[in-house]
Each structure stands twice: as C-alpha cells, then as structure tokens.
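Remember, it's a predicted structure, so these values are computed and weren't measured experimentally. Lettering follows sequence order; numbering is per chain, from 1.
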There are 2 protein chains.
Amino acid sequence: MSDLLDRLREGGWRLTAQRRVVAEVLDGDHVHLTADEVHSRAAARLPEISRATVYNTLRELVQRGEVVEVSTDGRAKRYDPNAHRPHHHLLCARCGSIRDVHPTGDPLANLPASESFGFTVLEAEVTYRGICPDCAA
Amino acid sequence: MSDLLDRLREGGWRLTAQRRVVAEVLDGDHVHLTADEVHSRAAARLPEISRATVYNTLRELVQRGEVVEVSTDGRAKRYDPNAHRPHHHLLCARCGSIRDVHPTGDPLANLPASESFGFTVLEAEVTYRGICPDCAA
DNA sequence: AGCTTGCCTTAGACCCTGTCCAATGTAGGG
DNA sequence: CCCTACATTGGACAGGGTCTAAGGCAAGCT
C-alpha cells in the first residue's frame with residue numbers, strides 16, 4: 001500500500017491528498033468498487049474531492065498497471081487494486097457480488113493456433129458466474 | 001433462423017414485423033452488433049422501428065436464452081446470436097473487432113472447490129485479448 | 001370476416017456513467 | 001519562500017440505456 005505510493009512517486013507522480021485518498025480507498029482483497037463508490041468513500045474523508053479527479057486518478061492507476069478495470073455487467077466499470085497477483089473473477093448472477101479466484105491451468109494454452117484467426121493473443125480473462133451463498137439461501 | 005421464430009412463437013411471443021426484423025438482422029456467425037447497430041440495420045428495412053423496441057426485443061431474446069449479451073469494453077453491449085453453440089471470444093485490443101473461438105478443455109473444471117466461496121458455479125466465460133492481423137500490419 | 005382484448009410499439013423525456021474544459025489551487029524543486 | 005508546471009474543480013456535455021403514456025395491432029373468438 002505505501003509501497004504503492006512509493007512506486008507512484010518514483011514514477012514522477014505528484015502526491016496530492018486526493019490521490020492518496022483514492023489509493024487508500026482501493027486497498028484490500030476482493031475490492032471491486034465502481035468509480036462512483038470510490039468517489040463517495042473518498043468524499044467521506046476529503047469532502048471536496050471531485051468526480052473528475054476520481055476518474056482521472058483511476059485512469060492513471062490503470063495506465064500504470066496498479067489497478068485493473070473490470071467490466072462485469074455493462075454498467076459501471078469496477079476497479080480491482082489487486083493487479084500484481086494475477087487472478088480471475090467469480091460473480092453472483094443475482095446480486096452482482098464479486099470474488100477473486102485463482103483457477104488452475106492456463107487458459108491461453110487452450111486456444112489452438114487454428115482458432116486464433118491470425119491474432120497475436122496476449123491474455124485470457126475468465127469470468128465465472130454462479131449464485132452466491134447469500135442469494136441461494 | 002425460422003426455427004428461432006418458431007421457438008419464440010411456441011413461447012407465446014406475439015410475432016410482429018419489428019421483432020421479425022430484429023431477429024433477421026442478428027442472424028449469422030461472428031455477428032456481434034451493438035443495440036445501435038441493430039437499430040440502424042433494422043431501420044433500413046422497417047424505417048419506423050424505434051430504439052425502445054430494439055432494446056425491448058434484445059432484452060427478451062437474452063432472457064429467453066436465444067442471444068448472449070457480451071460486455072467487452074464497458075462501452076456499448078454487443079449481442080451475439082450464436083447462443084446455442086457454446087463458444088468464447090477473442091477480441092482485438094486496438095480496434096475492438098471480435099471473433100468467436102472454441103478453446104479446448106473446460107474452464108469450469110479448473111476452478112477448485114476451495115476457490116468457489118460457496119457459490120453454485122454455473123458457467124465460465126473466457127475472453128482472449130490480442131492484436132488482430134489488420135492492426136498488427 | 002369483424003370484434004375484442006391485451007400485448008406491442010412509439011416518441012421523447014429522463015437517468016447514469018463517463019469525458020472535457022477553463023479557471024483556480026498547490027506540490028515540490030530551486 | 002517562490003515559481004511554475006502539474007492537479008483539481010465544477011459544470012457542461014455526450015453516449016448508452018430505461019421508462020412512460022398514448023395509440024396500434026396480432027391473434028383468438030365468434
């Protein structure tokens with residue numbers, strides 16, 4: 001976490017109160033907040049922070065590879081701070097909750113050359129869908 | 001295709017000109033149109049069709065499992081009519097073009113029970129990202 | 001074929017997510 | 001402590017999608 005702030009400073013990031021708060025809000029496992037949720041949590045600590053700044057900061061964090069953008073449902077994008085431990089997502093079809101998962105095997109290896117249509121394939125992202133324990137009850 | 005229309009009629013679908021046109025527009029392989037694209041192609045044949053009807057019809061087709069919704073990039077959702085032949089998607093990170101692919105193996109089998117967090121896991125969706133031949137050139 | 005009924009369609013207002021801009025503020029090097 | 005380039009702000013704007021009230025029409029019934 002403060003490793004994150006250090007890395008960013010090394011990269012020439014001007015460290016402002018707003019950016020610090022956004023980074024803090026995104027800390028943790030199984031965190032997948034929308035930009036709007038990030039904004040309201042950040043505003044709880046720094047009331048004058050603007051939506052534009054939250055969007056700017058999130059975009060920069062994504063570009064620097066510190067945060068991964070997840071489009072689960074075509075509505076708001078979600079931001080996953082756990083970018084340095086590769087993982088996939090399991091999401092509840094009913095309530096939309098998300099968990100990070102670590103499947104075995106490498107999905108990239110499962111795409112035969114005959115199926116790659118001449119693409120240079122770079123990555124594979126797996127989304128599992130199901131019903132979470134709370135919704136099943 | 002007219003199998004589709006038959007199935008829908010059996011399910012109590014009132015068969016209108018608008019719905020027929022939407023279904024026709026969505027026919028084919030590697031078809032991944034946005035709602036807006038569906039609307040303009042449908043309007044080419046039936047000029048007075050409204051956006052609302054296209055959205056309604058697409059939603060119904062998705063609910064009935066005849067069409068799959070694909071959220072690739074957080075922008076417009078795309079609609080894939082090839083719902084009865086299970087497949088995954090390969091998309092170009094640069095231009096956004098999409099191909100249907102059929103990887104080997106079953107990603108569902110790669111999620112150990114210890115990683116399922118009590119969910120009833122129903123399906124796995126794999127998205128491959130890369131650069132298409134046109135964009136690589 | 002004509003009637004009836006309830007489902008469909010329509011246009012347009014509206015909402016949500018996200019981007020852009022010009023004006024103002026401030027981190028951090030000198 | 002000052003300067004300046006980089007950040008932040010709020011508000012306007014754009015794209016994608018949903019909702020609603022009013023009128024239209026498919027299909028079952030006679």
Side-chain angles (χ1 to χ4, degrees), chain A residues 2 5-26 32-43 45-64 66-80 96, chain B residues 2 5-25 32-43 45-64 67-80 96:
Chain A
S2 71
L5 295 180
D6 288 346
R7 273 199 304 280
L8 291 169
R9 198 162 9 201
E10 309 264 315
W13 225 46
R14 189 172 289 186
L15 193 44
T16 67
Q18 291 85 342
R19 288 175 169 182
R20 191 193 310 268
V21 169
V22 169
E24 282 170 9
V25 163
L26 280 174
H32 308 92
L33 300 172
T34 63
D36 216 54
E37 287 163 349
V38 172
H39 178 246
S40 48
R41 297 194 188 196
R45 303 185 185 201
L46 193 66
E48 68 277 21
I49 192 171
S50 74
R51 291 194 324 125
T53 295
V54 170
Y55 278 106
N56 288 342
T57 305
L58 289 173
R59 178 164 12 84
E60 283 154 13
L61 289 172
V62 170
Q63 277 166 1
R64 287 163 183 268
E66 297 290 348
V67 164
V68 173
E69 214 174 57
V70 188
S71 304
T72 53
D73 60 345
R75 301 187 64 76
K77 290 177 205 160
R78 293 180 172 275
Y79 293 87
D80 183 338
Chain B
S2 70
L5 295 180
D6 288 346
R7 274 199 304 280
L8 292 169
R9 197 161 10 199
E10 308 265 313
W13 226 46
R14 188 173 288 186
L15 194 42
T16 66
Q18 291 84 341
R19 288 175 168 180
R20 192 193 311 267
V21 169
V22 169
E24 283 170 9
V25 163
H32 308 92
L33 300 173
T34 63
D36 217 54
E37 288 163 350
V38 171
H39 178 246
S40 47
R41 297 194 187 196
R45 303 184 184 201
L46 193 66
E48 68 278 22
I49 192 171
S50 74
R51 292 195 325 126
T53 296
V54 170
Y55 279 106
N56 287 342
T57 305
L58 289 172
R59 178 164 10 84
E60 284 155 12
L61 289 172
V62 170
Q63 277 165 2
R64 286 163 185 267
V67 165
V68 173
E69 214 173 57
V70 187
S71 304
T72 52
D73 60 346
R75 301 187 64 77
K77 290 176 204 161
R78 293 181 173 276
Y79 294 88
D80 184 337

Option passing side chain to side chain contact (heavy atoms under 4.5 Å, CB included) with A:Leu46 (candidates A:Val21, A:Val25, A:Thr53): A:Val21

Side chain to side chain contact (heavy atoms under 4.5 Å, CB included) partners for B:Arg64, two or more places apart: B:Leu8, B:Trp13, B:Glu66

With B:His32 via side-chain hydrogen bond (donor to acceptor under 3.5 Å, both in side chains) - residues at least two apart: B:Asp80, B:His89, B:Asp100

Per-nucleotide protein contact string for nucleotides 6-18 of chain D (B base, S sugar-phosphate only, - none; heavy atom under 4.0 Å): BSSBB-----SBB

Terminal axes of the helix from C:dA1-D:dT30 to C:dG30-D:dC1 (five pairs each): angle between them, nearest 10 degrees: 30°

For A:Arg19, all residues meeting salt bridge (Lys or Arg N to Asp or Glu O under 4.0 Å), sequence neighbours excluded: A:Glu60

DNA chain C: 5'-most and 3'-most nucleotides touching chain A, 4.0 angstrom heavy-atom criterion: C:dT17 to C:dG28

Partners passing side-chain hydrogen bond (donor to acceptor under 3.5 Å, both in side chains) against B:Asn56 (at least two apart in sequence or in another chain): B:Arg59

Contacts of B:Ser40 that satisfy side-chain hydrogen bond (donor to acceptor under 3.5 Å, both in side chains) - sequence neighbours left out: none

Check: B:His39 side chain, B:Ile49 main-chain N or O, donor-acceptor pair, under 3.5 Å: yes

Partner residues of B:Arg45 under the salt bridge (Lys or Arg N to Asp or Glu O under 4.0 Å) criterion, sequence neighbours left out: B:Glu24

Sequence-distant partners of B:Ala76, side chain to side chain contact (heavy atoms under 4.5 Å, CB included), two or more places apart: B:Thr34

Side chain to side chain contact (heavy atoms under 4.5 Å, CB included) partners of A:Ser71, counting only residues at least two apart: A:Lys77

